[in-house]
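Let me begin by presenting the structure, written as structure tokens, before commenting on it.
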Amino acid sequence: MQNRIMVFIPMYNCEKQISRVLNKFSNIEKNLFEEIVVVDNISPDNSVKNAISALEQLKNFKTTLLQNHKNYNLGGSIKVAFNYAIKKDYDYMITLHGDDQGDIRDIISYIKSGSYSEHDIVVGARFHKDSKLQGYSLVRTLGNYAVNFVCSIITTKKIYDMVAGLNIFNVSFLKENFYLSFPNNLTFDAHVLLYAISNKKSVEYIPISWREEDQVSNAKVFRQGLTLLKLFFKYLFLRKSMFRVIDDNISQMQYTSEVIYKND
């Protein structure tokens, strides 16, 4: 039986890029993905308008556009998608960011081969030796290599990336609901990765192409690096508390959204 796969696209201020992201699905076989779900995080620009226009052209896929009731930040939008995938009983969920830095076509061969199903998380790694970076600054590249090196040491696993914008998740892994207490900021992905490693889940890295053209990154290199170093310290010395429900206000939040476009 073929796995039911959902594609999740988080979107915030992506009016320039979201059409490009969605247009890349036009030549992809319908049977690979059951549904494409775009989650808008209250974008103040024309992201929603442009997303709907692009979704209307995708006749070969079931598509849904959700809009969060509040701005939950990126981590919160991912929680919305995780909850959705569990509720709809999908087998796997692909995360593809709406800013067009990653390319869905990079993982089609892994979907067709079925090799993704051997792992709990497949990470499209920007810094894999076979990946291709375009327009990525030297400072950010070196900073990421340093973070990955430190993470490799503390986890005793080869880390090629701290989970970027193109990943595949086994939904049965997500059903543990471990992610609800994780912060909604840009360290959410790092928490998920460290949780998976700590609990001996299977994590596979694959090469991807990654580009920066007209995107505006929310990641401040030095501040983000310092935040991750603090997270690594917790992983080494305070691991039990790190994965406990630390903030009830976060873990008990109702990550609600509403459907603003749907094409079955």
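Only a predicted model underlies this, so the values are computations on that prediction, with no experimental measurement involved. Both backbone and side-chain heavy atoms feed into the values below; hydrogens, waters and symmetry mates do not.
Among pairs with a residue in residues 144-167, those fulfilling salt bridge (Lys or Arg N to Asp or Glu O under 4.0 Å) read Arg126-Asp161, at least two apart in sequence or across chains. Listed by first and then second residue, the ring pair (Phe, Tyr, Trp, His ring centres under 6.0 Å) pairs that reach into residues 81-101 are Phe82-Phe169, Phe82-Tyr179, Tyr92-Tyr116, sequence neighbours excluded. Sorted by first then second residue, the salt bridge (Lys or Arg N to Asp or Glu O under 4.0 Å) pairs that include residues 166-189, not counting sequence neighbours, are Asp89-Lys175, Glu176-Lys201. Legend: salt bridge (Lys or Arg N to Asp or Glu O under 4.0 Å) pairs involving residues 106-124, not counting sequence neighbours, sorted by first then second residue: Glu29-Lys112.
Under 4.0 Å is where a charged nitrogen must lie from a carboxylate oxygen, and between Glu34 and Lys88 no such pair does. For Asp100 and Lys16, the salt-bridge test fails: no basic side-chain N is under 4.0 Å from an acidic carboxylate O.
A donor-acceptor pair shorter than 3.5 Å can be found between the side chains of Asp40 and Gln67. Counting only N and O atoms by type, the side chains of Tyr255 and Asn184 include a donor and acceptor under 3.5 Å apart.
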Just do the side chain to side chain contact (heavy atoms under 4.5 Å, CB included) check on Leu194 and Lys234 with the steps written out, would you?
-> CA-CA 11 Å; Leu194 291 174; Lys234 287 183 180 179; over 6 Å; no

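Side-chain contact check for Asn60 versus Leu58: some heavy-atom pair is nearer than 4.5 Å. Side-chain atoms of Val48 and Leu65, non-hydrogen and from C-beta on, do get closer than 4.5 Å to each other.
Hydrophobic cluster of Leu142: the remaining members, joined at side-chain heavy-atom separations below 4.5 Å, are Leu138, listed by chain and number.
When Tyr205, Tyr145, Tyr160 are each tested for a ring-ring contact (aromatic ring centres under 6.0 Å, His included) with Phe127, only one passes: Tyr145.
Looking at residues two or more places apart in sequence or on another chain, you find a side-chain contact (heavy atoms from CB on, under 4.5 Å) between Leu229 and Val150, Phe232.
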